[in-house]
There are 2 protein chains.
Amino acid sequence: MRIGEIAALVGVTSRAVRHYHHLGLLPEPQRLSNGYRVYSVRDAVLLARIRRLSELGLSLDEVRDVLADDAGRELVEVLAELDADLARQEEQIRARRRRLAELTAGTMPPEGPVSPTLARLLRAMPETDSVVAAKDRELLTLLDVAGGGEEAIYDALHSLIESPDVLALYERLDDLADAAPDDPRVGPLATDLVGLLSDAVLDAMPEQDGPPLEGIGDAILADLAPAQAEVGRRVMEALVEKQRLRTQMKTDGEESG
Amino acid sequence: MRIGEIAALVGVTSRAVRHYHHLGLLPEPQRLSNGYRVYSVRDAVLLARIRRLSELGLSLDEVRDVLADDAGRELVEVLAELDADLARQEEQIRARRRRLAELTAGTMPPEGPVSPTLARLLRAMPETDSVVAAKDRELLTLLDVAGGGEEAIYDALHSLIESPDVLALYERLDDLADAAPDDPRVGPLATDLVGLLSDAVLDAMPEQDGPPLEGIGDAILADLAPAQAEVGRRVMEALVEKQRLRTQMKTDGEESG
DNA sequence: TAGAAACCCTGACGCTGCGGCAAGGTCAAG
DNA sequence: CTTGACCTTGCCGCAGCGTCAGGGTTTCTA
């Protein structure tokens, strides 16, 4: 047989056969005087085994190992391991399909496909043209993909969003779009925002191990108008202080307990 | 944000971010005077979308397409197509696992993992030290992987194998190992073999479209001792003639019908 | 008997989604 | 001043072949 014939016989391409030669899976057969490879039945049998094994999903390296010590002993182990691997892959695919189903089930928010939890939250947000509100939604999608999305956070955000004051606050922020950082409206707005961010929110986000936040905080502020950024800075400051006090109280309590 | 920060924020590596730049998925952001990239919130949002999409299993090219016409219209199509693709993959994996289960269920023949149908046939073959019988088994594994394995062929082979004459015939072939091609035993043996290969076998292998057979026929004969090959040649000849007659009869019947 | 079709040969690049290394430059802290 | 943790560009490697490129050979056909 020549290479095309043996390849057709076992259902692979000539290129694959040469590849197996190259990898040392299949020994190079004798050559005709013109350089053509000539294959024997033994080669075909070996090639067939290679194909069966690789069709099962073994890598060519694994195939070589199995063929090497043809005790048949190791084969069983490899196949068991392979099955476990396939099981993992299957589960991954099913997980993806579940997520796909979830995504295509509801209406797709303009932010693209997000987790159902976040989708609920986004739908719960009041409809508004507010620019700041739009940025807020963007930030939420970030929180979503970052995967830090604990249940508690979403609960807290839901109660935040559903507050009747929220629309007015967005408007007041929007109004600062062209204001100077020392605008007199900055202080009161910051105070009101801190008031809204109840303990529930602070409780919900306790474990922000910091590193990525440094940079992203700056980026968020840089994305806002100067006066808006100033509000943001003050709110952050106040929250950090609030958090510090809470932590300290907790620590004191533990020490005295 | 710098590259490490944005990467940590959305849960990818810096290397991946640079890769997305390279592919044009994510625009190159501004640089600091030292050459460092600085990212805005908008970049992070985009990166997050990229990650969500690619996590779903879209290729990066598909991600780019989806992001390109952000109508959200095309996204639904792509996701549907993706789900179909995943369904296919899942089915493939399950099929492989089914085959694996079948294989590890029975005892593994020394020929390696073969189809259950062939395994049954191999077990049905009489136990013998016959060299020719061993080659026969090898050829069967070839037939197996070639996938030409119609039910009918296996049925026919089963009845062949179970014939009580089969062991004697193998022995007579083995005896020709060192004989000359013109050995007087060649003719009778060929006749007897043709007798055994009943119409059932001929019926079962009607559609051998030829091309691969030319080469493999020679290879099979080359694998045998001279006298054995001579037997093989005669048997083949007789079978071809038999087949020709049958075909002609069939054609005549159709023409007159 | 020539020309075309169908094989064969070697060698090398392409694909996917980055990981890893090399060979640096930069920056904050000890 | 030196670590150590970042950042930069650039290139190789991975699996399993597909697909040229740039030949030569054989075989069928006109």
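By convention in this document, chain letters (A, B, ...) are assigned in the order of the sequence lines, proteins followed by strands, and residues within each chain are numbered from 1. What you are looking at is a predicted structure, and each value in this text was computed from that prediction instead of being measured.
Arg42(A) meets the salt bridge (Lys or Arg N to Asp or Glu O under 4.0 Å) test with Glu138(B), Asp223(B); sequence neighbours excluded. Take Asp136(A) and apply the salt bridge (Lys or Arg N to Asp or Glu O under 4.0 Å) test, not counting sequence neighbours, and it matches no residue. Not counting sequence neighbours, the partners of Ala225(A) by the side chain to side chain contact (heavy atoms under 4.5 Å, CB included) test are Gln228(A). Listed by chain and residue number, Glu55(B) satisfy the salt bridge (Lys or Arg N to Asp or Glu O under 4.0 Å) test with Arg99(A) (two or more places apart in sequence, or in another chain). The salt bridge (Lys or Arg N to Asp or Glu O under 4.0 Å) test applied to Glu62(A) returns no partner, not counting sequence neighbours. Remark: Leu79(B) engages Leu100(A), Thr104(A), Met108(A), Leu56(B), Leu58(B), Leu75(B), Leu82(B) in a side chain to side chain contact (heavy atoms under 4.5 Å, CB included) (not counting sequence neighbours).
Between Asp61(B) and Glu28(A), the residue anchored nearer the 5' end of DNA chain C, judged by the nucleotide with its closest heavy atom, is Glu28(A).
Within residues 80-94 of chain B, no residue has any heavy atom closer than 4.0 Å to DNA chain D.
The shortest heavy-atom contact between Arg137(A) and Leu122(A) is NH1-O, 3.4 Å.
The separation between His22(A) atom NE2 and dT10(C) atom P is 11 Å, rounded to whole Å.
Taking the 5' to 3' direction, DNA chain D first and last meets chain B under 4.0 angstrom from a heavy atom at dC6(D) to dC11(D).
For residues 12-26 of chain A, the set of pairs meeting the side chain to side chain donor-acceptor pair (under 3.5 Å) definition, not counting sequence neighbours, comprises His21(A)-Tyr39(A). Counting only residues at least two apart or on different chains, the side chain to side chain donor-acceptor pair (under 3.5 Å) pairs with a member in residues 26-37 of chain A are Glu28(A)-Arg31(A), Glu28(A)-Arg37(A).
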**Request:** Take Leu53(A) and Leu67(A), measure what side-chain contact (heavy atoms from CB on, under 4.5 Å) needs, and give me the verdict at the end.
**Result:** CA-CA 10 Å; Leu53(A) 292 174; Leu67(A) 291 183; 4.1 Å; yes

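Ile3(A) comes within 4.0 angstrom of sugar-phosphate atoms only, judged by non-hydrogen atoms across all strands, and of no base. Residue contacts for Arg37(B): at a heavy-atom cut-off of 4.0 Å it reaches the sugar-phosphate backbone alone, with no base atom in range.
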**Contact pattern, 5' to 3', of nucleotides 18-28 of chain C - B, S or - by protein heavy atom under 4.0 Å** = BBB----BBS-

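Between Arg31(A) and dT10(C), a side-chain N or O to OP1/OP2 separation shorter than 4.0 Å is present.
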Let me check something: any side-chain donor-acceptor pairs from residues 86-93 of chain A under 3.5 Å, sequence neighbours excluded? List them with distances.
{"from": "Arg88(A)", "atom 1": "NH2", "to": "Asp85(A)", "atom 2": "OD1", "distance (Å)": "3.2"}
{"from": "Gln89(A)", "atom 1": "NE2", "to": "Asp85(A)", "atom 2": "OD2", "distance (Å)": "3.4"}
{"from": "Glu90(A)", "atom 1": "OE1", "to": "Arg97(B)", "atom 2": "NH1", "distance (Å)": "3.1"}
{"from": "Glu91(A)", "atom 1": "OE2", "to": "Arg98(A)", "atom 2": "NH2", "distance (Å)": "3.1"}

